[in-house]
Amino acid sequence: MSPEEAAELMDRELIFELPNDLQCIEDAVEFVVSRCSTCQDVARRLRFNFRVSLVEALSNAMIYGNGRDPAKRVRLEVRLQPGRLTARVTDQGPGFNPLRVPDPTAPENLLEEGGRGLFLMRKLMDEVHYNDRGNSVTLILHLTRPAAFRDQATA
Amino acid sequence: MAFDVKRETGEVVIVDVEGQLIVGNRQELKQAILAELEGGSRKFLVDFTNTGYIDSSGLGVLVSLSKKIREQGGELRLSSLNEDLRTLFELTKLDTLFRIADSREEGLQDF
């Protein structure tokens, strides 16, 4: 893909409305990642950091945000712009305060089964932002070279 | 994604994680290992040679299983984590909870 072609494909957005079903997460994440064509130095972070973080954001939205309510939905918006890949995940819940999540690496929390999702997102992504209500999280991966969505998903 | 549970060398139960260990399939792994624990097995090695990625739910289920196995006097070891997976355990400090071997063979040593 030439830089001109890449520039043309940039600034596009993929938008999904997902059912509140944990079984959908893996396929949704694989679809998004397969549509992102990017340079080698970002590919590894896309394959691992972005995948894990997007799974965390979607599962938090379905389990905690929407309270596992099958009638609710989760909105996923993925955007490629010059220098960044952004994924915004929004649930239909009342929101929460991300500042009140305890440190999962503290000795007293190390044996807890849960509580590592937000921590991992913050460690693996370049930026993580919540809206004021706390029901929408934005994950940002910095890109050092042009990237673009593929027109069709690849296996 | 699938979990292959087998007993290759004596009393150690080896579990291969194929694909992902995430929120959508962690219960399968939990049930498979708990069934072996209830059946009397006490030594478990989870091998990640063919694993793409793990999320916090996957990490959590390993912590939970390790606690249950230790309560029964057993041990859960991990092996063959690639660099990315190992980083997850280091970031979360879970590398201090588990014995993590570079290879399956190393994980089986002195078990």
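Bear in mind the structure is a predicted one, so any value in this text is a computation, not a measurement. Letters A, B, ... mirror the listed sequences (proteins, then strands); counts begin at 1.
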With a 6.0 Å cut-off (strictly less than), is the heavy-atom count around [atom1] of [X], excluding the residue itself, greater than 12?
X     : atom1 : result
B:F98 : CZ    : yes
A:R73 : CZ    : yes
A:E17 : CD    : yes
A:N97 : CG    : yes

Begin from the C-alpha positions of B:L88 and A:R116 and carry the test side-chain contact (heavy atoms from CB on, under 4.5 Å) through to its verdict. CA-CA 10 Å; B:L88 279 190; A:R116 297 180 182 86; over 6 Å; no

Could you grab the distance from atom [atom1] of [X] to atom [atom2] of [Y], nearest 0.5 Å is fine?
X      : Y      : atom1 : atom2 : value
B:E90  : A:T105 : CD    : OG1   : 13.5 Å
A:F119 : B:K93  : CZ    : NZ    : 8.0 Å
B:S57  : A:N60  : OG    : CG    : 8.5 Å

Show your working on side-chain contact (heavy atoms from CB on, under 4.5 Å) between A:L124 and B:T87 and close with a plain yes or no. CA-CA 10 Å; A:L124 296 174; B:T87 299; 5.6 Å; no

Do you know which of A:R45, A:R51, A:R44 makes side chain to side chain donor-acceptor pair (under 3.5 Å) with B:D84?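 The option that passes is A:R44.
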
Heavy-atom distance under 4.5 Å to chain B: side chain of A:L110, backbone, both or neither?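 The answer is both parts of A:L110.
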
Would you mind checking which part of A:L120 comes under 4.5 Å of any heavy atom in chain B, side chain (CB onward), backbone (N, CA, C, O), both or neither?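 Just the side chain, heavy atoms under 4.5 Å.
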
Is there a path of hydrophobic side-chain contacts, each under 4.5 Å between heavy atoms of I, L, V, M, F, W or Y residues, that connects [X] with [Y]?
X     : Y      : value
A:F50 : A:L143 : yes
A:L46 : A:I140 : no
B:F89 : B:I22  : yes

Between B:L62, B:T96, B:D55, which residue shows the highest count of heavy-atom pairs closer than 4.5 Å to chain A?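 It is B:D55.
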
Sort B:L97 into side chain, backbone, both or neither according to what part of it lies under 4.5 angstrom from a heavy atom of chain A.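 When you check distances to chain A, only side chain atoms of B:L97 fall under 4.5 Å.
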
Minimum side-chain heavy-atom gap B:Y53-A:V55 below 4.5 Å: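 B:Y53 vs A:V55: side chains touch.
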
Is the shortest side-chain heavy-atom distance between B:V23 and A:L58 below 4.5 Å?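 Heavy-atom side-chain distance check fails, nothing below 4.5 Å.
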
Name the member of A:E56, A:K123, A:E112 that forms the most heavy-atom pairs with chain B at distances under 4.5 Å.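 Option with the top pair count is A:E56.
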
Within the distance-only criterion (no hydrogens, no angle test), does the side chain of A:E113 pair as donor or acceptor with the backbone N or O of B:S64 below 3.5 angstrom?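 Here the side-chain-to-backbone pair does not exist.
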
